[in-house]
**Q** 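Quick one: the structure is below, questions incoming.
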Amino acid sequence: MAETIKTSLLVVGGGPGGYVAAIRAGQLGLDTVLVDAERLGGTCLIRGCIPSKALIHAAGLYEEMTLAAAGPGRFGIHLGAKPELDFAETMAWKDGVVDRLNGGVTALLKRAKVRTLAGKAVFSEAKRCTVETADGPVTVLAENVILATGSLPVELPNLPFGRPGGKVISSTGALSLAKVPERLVVVGAGYIGLELGIAYAKLGAQVTVVEAQDRILPLYDTQLTQPVRRWLEKHGVALHLGAKALGEESAGLAIETRDGHRQVLPADHILVTVGRRPHAEGWGREAMGLAMNGRFIAVDDRCATPTTGVYAIGDVVGEPMLAHKASAQGEMVAEIIAGHRRRFDPVAIVAVCFTEPEIVTVGLGPDEVPAGVETVVGQFPFAANGRALSMDAGDDGGFVRVVARKADHRILGLQAVGRHISELAGQFATLLEMGAVLEDVAGIIHAHPTLSEGVNESALKALGHAIHI
Ligand SMILES: Cc1cc2nc3c(=O)[nH]c(=O)nc-3n(C[C@H](O)[C@H](O)[C@H](O)COP(=O)(O)OP(=O)(O)OC[C@H]3O[C@@H](n4cnc5c(N)ncnc54)[C@H](O)[C@@H]3O)c2cc1C
């Protein structure tokens, strides 16, 4: 007979939304069960944020060493021979990072006294599901449910994933290749495709990018994406913008170029990264009577669905599909269930592209400010920042930009592009969330030499008295 568990809280999905919700609920003394069909950590930890950044890091080191071996030598460092890449070892190191974090999440859940079930949850009612575990089916009856089922890669009908003998892979496939492909075609120039495409270009693959729109990273303004585009062009990554992917051929990918010509791009693998869709089907959502907001599960500003006691968080409830948003919602919902008064109302959510160079954005860009709001914009180039130059990072066209309301100097948005700038994300988020004005940033003594001095200078520039430009 199937085992039955009764619990205060059932969390479905052990990604950064679900596992954080479960840990916080456990800390708050709620009897909590967490179910995941795969490894704890979700998309982010197992096949997304973490393995991609590990691969990007290793690829960057390899590229630096290759440059030191090939050219006249940089920084006075000369390598006598080209570095050897044992890609299996690189992947094993990356997997080790993932394993370590997966173990950490498992231990944290245990410490918070969260019971975990490995298996797929299928709902028959709003607060009742069955999990097919290795030891047989377990029925869970819960007073409260948090759905954190995440998202899945979007498949193109003409380029299906996983066809036997086929070349088409998703980001998950790209993070588990056995060897560096000689020729990799990336379909979709969003952040996931470019992060992975750039990493493989650094590892020696001949990379071609195909994008239906007429520019890369279409969600960002062109001023921000220009340095990335320049890097791609300088490093021989071919770009086909305004092009349509037609289908797989034995030689590679057939496309229709912007001017209507058919062309076959040679490829060992075709990486399709055209977006992600909420994982809202296939686990009994229909039986739960939940409302939808387009493709996403509809929730209010407490992440509550119209069914009392049923909440949804993370990628399955909407944009931005980012790990830190999922975690923030998870923590909040656990506290709401424990009786706290909370709502999800961030001023802004910071986003980072780990491309070459990196991009960080939060809040509004100059073109996104509502009509009628007058702004001042201050922009400071990293070419004038000592720390950037001392890290060989000032010559990629990178800059930091602040957008503020003219009337009261309230900061509405911050953007930056440049090498190593992802760590500015915390400062950006803090300034927006604390409601900083330009004078606050100008008045903070920023440590020297750091990239954050560029943020200070951008505020000074907006105030009309930058020092270093
Ligand atoms: C290559 C790549 C790189 C990325 N890089 C970044 C980055 O740098 N920064 C960033 O913020 N975001 C990044 N993301 C996005 C990030 O991974 C997601 O936003 C984040 O994982 C969403 O968290 P989540 O908890 O909502 O869902 P997920 O992490 O998708 O977790 C959902 C979990 O639910 C489980 N599940 C689903 N249905 C069931 C069911 N019925 N029963 C049991 N278990 C179920 C799944 O197995 C999965 O483990 C990246 C994504 C990819 C693919």
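Everything numeric in this text was worked out from a predicted model, so none of it was measured. Atoms within a ligand are numbered from 1 in the order they appear, just like the ligands themselves.
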**Q** For atom 3 (C) of ligand 1, what is the closest protein heavy atom, and at what distance to 0.1 Å?
**A** Gly48 C, 3.4 Å
**Q** Of all residues at least two apart in sequence or in a different chain, which pass the ring pair (Phe, Tyr, Trp, His ring centres under 6.0 Å) check with His57?
**A** none
**Q** With a 4.0 Å heavy-atom cut-off (strictly under), which part of Leu322 contacts ligand 1: side chain, backbone, both or neither?
**A** both
**Q** If you draw a 6.0 Å radius around CZ in Arg111, do more than 12 non-hydrogen atoms from other residues or ligands fall strictly inside?
**A** no
**Q** Which ligand 1 atoms are under 4.0 Å away from a heavy-atom of Ala326?
**A** 23 (O), 26 (O)
**Q** Output yes when Glu356 and Arg419 qualify as a salt bridge under the 4.0 Å nitrogen-oxygen rule, no when they do not.
**A** yes
**Q** From atom 18 (C) of ligand 1, work out which of Val12, Asp315, Thr43 has a heavy atom at the shortest distance.
**A** Asp315
**Q** Examine Cys44 against ligand 1 and note whether any of their N/O atoms are separated by less than 3.5 Å.
**A** yes
**Q** For ligand 1, which atoms sit closer than 4.0 Å to a heavy atom of Cys49?
**A** 3 (C), 4 (C), 5 (N), 6 (C), 7 (C), 8 (O), 9 (N), 10 (C), 12 (N), 13 (C), 14 (N), 16 (C), 17 (O), 50 (C)
**Q** Which is closest to atom 14 (N) of ligand 1 in terms of heavy atoms, Phe354, Trp283, Tyr191, Phe123?
**A** Tyr191
**Q** Which one of Val131, Val35, Ile349, Ile192 has a non-hydrogen atom at the shortest distance from atom 1 (C) of ligand 1?
**A** Ile192
**Q** Considering only heavy atoms, which of Gly15, Pro16, Pro278 lies nearest to atom 20 (C) of ligand 1?
**A** Pro16
**Q** With a 4.0 Å cut-off on N to O distance, would you call Glu423 and Arg387 a salt bridge?
**A** no
**Q** Among protein heavy atoms, which lies nearest atom 32 (C) of ligand 1, and at what distance?
**A** Ala148 O, 3.4 Å
**Q** With a 4.0 Å cut-off on N to O distance, would you call Asp221 and Arg401 a salt bridge?
**A** yes
**Q** Under a 4.0 angstrom heavy-atom cut-off, which atoms of ligand 1 come close to Ser151?
**A** 30 (O)
**Q** Going by an N to O cut-off under 4.0 Å, is there a salt bridge joining Arg39 and Asp99?
**A** yes
**Q** Check for me whether Gly119 has a heavy atom closer than 4.0 Å to any atom of ligand 1.
**A** yes
**Q** Does atom CD of Glu319 have more than 12 heavy-atom neighbours from other groups under 6.0 Å away?
**A** yes
**Q** Has Lys53 got any heavy atom lying under 4.0 angstrom from an atom of ligand 1?
**A** yes
**Q** Taking heavy atoms and a distance under 4.0 Å, where does Glu195 meet ligand 1: side chain, backbone, both or neither?
**A** neither
**Q** Within a 6.0 Å radius of atom NZ on Lys53, are there more than 12 heavy atoms belonging to other residues, nucleotides or ligands?
**A** yes
**Q** Take Gln226 and Arg229, measure what side-chain hydrogen bond (donor to acceptor under 3.5 Å, both in side chains) needs, and give me the verdict at the end.
**A** CA-CA 5 Å; Gln226 196 55 34; Arg229 183 158 177 177; 5.7 Å; no
**Q** Considering only non-hydrogen protein atoms, determine which one is nearest to atom 11 (O) of ligand 1 and report residue, atom name and distance to 0.1 Å.
**A** Ala323 N, 2.9 Å
**Q** Can a non-hydrogen atom of Arg47 be found less than 4.0 Å from any atom of ligand 1?
**A** yes
